[in-house]
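Please read all numbers here as calculations on a predicted model, not as lab measurements. Ligands are counted one by one from 1 in listed order, and the atoms in each one are counted from 1 as well.
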Amino acid sequence: MDATVKKFMDLVETKNPSEKAFHQAVKEVAETILPFLDENPKYKAVKVFERMIEPERVIIFRIPWIDDKGEVQINRGYRIEMNSAIGPYKGGMRFHPTVDLGVLKFLAFEQVFKNSLTSLPLGGGKGGSDFDPKGKSDEEVMRFCQSLMTELYRHIGPDTDVPAGDIGVGGREIGFMYGQYKRIRNEFTGVFTGKGLEYGGSLIRPEATGYGTVYFAQEMLATINEEIKGKSVAISGSGNVAQFATEKIIELGGKVVTLSDSSGYIYDKDGIDSEKLAYVQNLKNIKRGRIREYADEFGAKYVEGVSRPWMEKCEIALPCATENELNEEEAKALVKNGCICVSEGANMPSTPEAVEVFLENKILYGPGKAANAGGVATSGLEMSQNALRMAWTREEVDQRLHNIMINIHNTCMKFGKEGDYVNYVKGANIGGFVKVADAMIAQGYV
Ligand code: NDP
Ligand code: 2IT
């Protein structure tokens, strides 16, 4: 490790012990930002980067609720208000048993750069709970969401902090949290994004992260005169992001051969078509079943206990499940099997060693903070529509989303070009950093 990065990381690790995911996210950014600071001393002198790794505010709270058996349950709630230099805190809520302070700080930190890349006025935040929605009844989820919001309402607002969905938080959970906020505050306002269409949601927001990840892949492929049409695509996950990445790949003439959940993955040599995707959406969103059932229904291969489909042959890989779901060995297998493009729908799905393999082999690699920014960008568009008290058409929102992804790609090209190769990691980190850093300098030591 470079000595400057090591010194910086020693400080981060000492100050934030046992926050491994946060260390990983900061280190990845530090590797490109610290050299950039040496070339641009105006940022270094006022310690902008040192300030950016310190959240503006962290809220941790108790969430008591009663389960269907009448027993008291206690979860922990969080909201990390990371950076508001360029707009209100913005970022999703995650409900998953692995949620802790370090995970949410990594996500909030990434969100600051991602939101800046969208070119919309969005600061960075993230929140959630160690609550596991799996196996809970709708009533239990509602009681939990209401208890969470009974505390969180005092910290958020349409011009302060605007949460949205993430793992384990979809339309159902957002509805319950929004309802409780409105009830307590007596305000009908755009305090959440990802809302239902009936109460202020935006068309295309559910599709946006998956579509955006594919639009970003399209842009990367165009730089080497390639396209999605006719290519085999491996996708992990089968939730919101994976479903709509699949939908867009099908529309563009690619062939999706894998999907997964935390129990295993399916490989369908014939490809997942629209009809099979509709089955997955019903299975996952309505029945809340397991991906194994897809294999039973369509006679595809199912690998139990392996959630990561990366040893299967593909030309494009879209990791759309969770962090660190693609390691060095899997990255090497992807490259060896002819994969030319990795576009990350998930946040930090590739380990640092895997990223190294992609960069060394000079394949197209779009890191999450650029490639999955379409979700939060469309959240920004939902906020604009709420402020205008208007709703744009599906075509209009999709067009704006597409243009934002093209712009993010251009920003990455601008800051990431290394000869013939585009280092999108460097491009996204520096491209995201500059706007936030300039705003922080303009606002003084706050
Ligand atoms: P969902 O909850 O809708 O889906 C998550 C999927 O990933 C499920 O198939 C789930 O399987 C699987 N998964 C989750 N955790 C694990 C794990 N630890 N190991 C293996 N599989 C796992 O979430 P989203 O689709 O919204 O989010 C997916 C990723 O995309 C996350 O990294 C999220 O941060 C990122 N993202 C999401 C955005 C959004 O707008 N929703 C925007 C930008 C990024 P199972 O059902 O078995 O749990
Ligand atoms: O990681 C992310 O960008 C999200 N989960 C979406 C955040 C948002 O506010 O739409």
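For the pair S260 (side chain) and G237 (backbone), a donor-acceptor distance under 3.5 Å is present.
Taking only nitrogen or oxygen atoms, main chain and side chain alike, N372 does not reach within less than 3.5 Å of ligand 2. Not a single N or O atom of S263, backbone or side chain, sits closer than 3.5 Å to an N or O atom of ligand 1. Checked by distance only, ligand 1 and N240 come closer than 3.5 Å through their nitrogen or oxygen atoms. Note: no N/O pair closer than 3.5 Å links V162 and ligand 2 by distance alone.
A salt bridge does not link K27 to E13: none of the charged nitrogens lies less than 4.0 Å from a carboxylate oxygen. K231 has no carboxylate O lying under 4.0 Å from a charged side-chain N of E315, or vice versa, which leaves the two without a salt bridge. Comment: D68 engages R143 in a salt bridge, judged by a side-chain N to carboxylate O separation of less than 4.0 angstrom. One finds no salt bridge joining E187 and K182 here, because no Lys/Arg side-chain nitrogen approaches an Asp/Glu carboxylate oxygen to under 4.0 Å. A salt bridge links D166 with K126: at least one charged nitrogen is closer than 4.0 Å to a carboxylate oxygen. Comment: R292 engages D296 in a salt bridge, judged by a side-chain N to carboxylate O separation of less than 4.0 angstrom. Remark: D270 does not engage K255 in a salt bridge, criterion side-chain N to carboxylate O under 4.0 Å. Salt-bridge check for R205 with E382: failed, with every basic side-chain N at 4.0 Å or more from each acidic carboxylate O. Salt-bridge check for R51 with E56: failed, with every basic side-chain N at 4.0 Å or more from each acidic carboxylate O. The pair E19-K105 meets the salt-bridge criterion, since a charged nitrogen lies less than 4.0 angstrom from a carboxylate oxygen.
Residue, atom and distance of the protein heavy atom nearest to atom 48 (O) of ligand 1 are K134 NZ, 2.8 Å. Closest to atom 9 (O) of ligand 2 among all protein heavy atoms lies K90 NZ, 2.6 Å. Closest to atom 7 (C) of ligand 2 among all protein heavy atoms lies G92 N, 3.5 Å. Summary of contacts: the protein heavy atom closest to atom 38 (C) of ligand 1 is T209 OG1, 3.6 Å. In terms of protein heavy-atom proximity, atom 6 (C) of ligand 2 is closest to R205 NH2, 3.6 Å. Of all protein heavy atoms, the one lying nearest to atom 37 (C) of ligand 1 is V241 CG2, 3.6 Å. The protein heavy-atom contact nearest to atom 3 (O) of ligand 2 is K114 NZ, 2.8 Å. Among all protein heavy atoms, the one lying closest to atom 10 (O) of ligand 2 is S379 OG, 2.5 Å. If you check which protein heavy atom lies closest to atom 2 (O) of ligand 1, you get G168 N, 3.0 Å. When only non-hydrogen protein atoms are considered, atom 18 (N) of ligand 1 lies nearest to T322 CG2, 3.8 Å. In terms of protein heavy atoms, atom 27 (O) of ligand 1 is closest to I167 CG1, 3.7 Å.
Separation of atoms CD1 (I266) and CD (E293) is listed at 12.5 Å; rounding is to 0.5 Å. Atoms CD and OG, on E325 and S307 in that order, are 8.5 Å from each other to the nearest 0.5 Å. The CD1 atom of I235 lies 6.0 Å from the CG atom of L259; values are rounded to the nearest 0.5 Å. Considering CZ of R94 and CZ of F131, their distance stands at 15.5 Å, rounded to 0.5 Å.
F144 and F95 have their aromatic ring centers within a separation under 6.0 angstrom. Between F188 and Y199, the distance separating the two ring centers is not shorter than 6.0 angstrom.
Looking at E110 against ligand 2, nothing comes within 4.0 Å, counting heavy atoms. When heavy-atom distances to ligand 2 are checked against a 4.0 Å cut-off, T378 has no atom that comes that close, whether in backbone or side chain.
Within ligand 2, the atoms closer than 4.0 Å to a non-hydrogen atom of A164 are 8 (C), 9 (O), 10 (O), numbered from 1 in the order shown. Of all the atoms in ligand 1, the ones that sit under 4.0 Å from a non-hydrogen atom of S238 are 9 (O). Less than 4.0 angstrom separates some heavy atom of R94 from each of these atoms of ligand 1: 31 (C), 32 (O), 33 (C), 34 (O). Close contacts of ligand 1 with D166, meaning ligand atoms under 4.0 Å from a residue heavy atom, involve 26 (O), 33 (C), 34 (O), 36 (N), 37 (C). Close contacts between ligand 2 and G91 involve ligand atoms 7 (C), 9 (O) [criterion: under 4.0 Å to a heavy atom]. Contact atoms of ligand 1 toward H96: 15 (N) (distance under 4.0 Å to a heavy atom of the residue). Using a 4.0 Å cut-off to heavy atoms of S262, the atoms of ligand 1 that qualify are 11 (O), 20 (C), 21 (N), 45 (P), 47 (O), 48 (O). Ligand-side atoms of ligand 1 in range of C320: 28 (C), 29 (C), range being under 4.0 angstrom from any heavy atom. Atoms of ligand 2 lying under 4.0 Å from at least one heavy atom of K126, given by number and element, are 1 (O), 2 (C), 4 (C), 5 (N). Short contacts between ligand 1 and R290, defined as distances under 4.0 Å to a heavy atom of the residue, involve ligand atoms 46 (O), 47 (O). Atoms of ligand 1 lying under 4.0 Å from at least one heavy atom of S260, given by number and element, are 9 (O).
Comparing heavy-atom distances from atom 36 (N) of ligand 1 across S379, G345, G239, G165 singles out G345 as nearest. Atom 28 (C) of ligand 1 has its nearest heavy-atom neighbour, among G237, A321, A346, in A321.
Atom 10 (C) of ligand 1 lies below 4.0 Å from none of the non-hydrogen atoms of the protein.
In this structure, G165 has a heavy atom closer than 4.0 Å to ligand 2. At least one heavy atom of R205 lies less than 4.0 angstrom from ligand 1. For the pair R94 and ligand 2, no heavy-atom separation below 4.0 Å is found.
Ring geometry, F433 versus F113: the interplanar angle falls under 30°, so the pair is classed parallel (tilted spans 30 to 60°).
Between Y424 and the options Y365, F358, F216, a ring-ring contact (aromatic ring centres under 6.0 Å, His included) holds for only F216.
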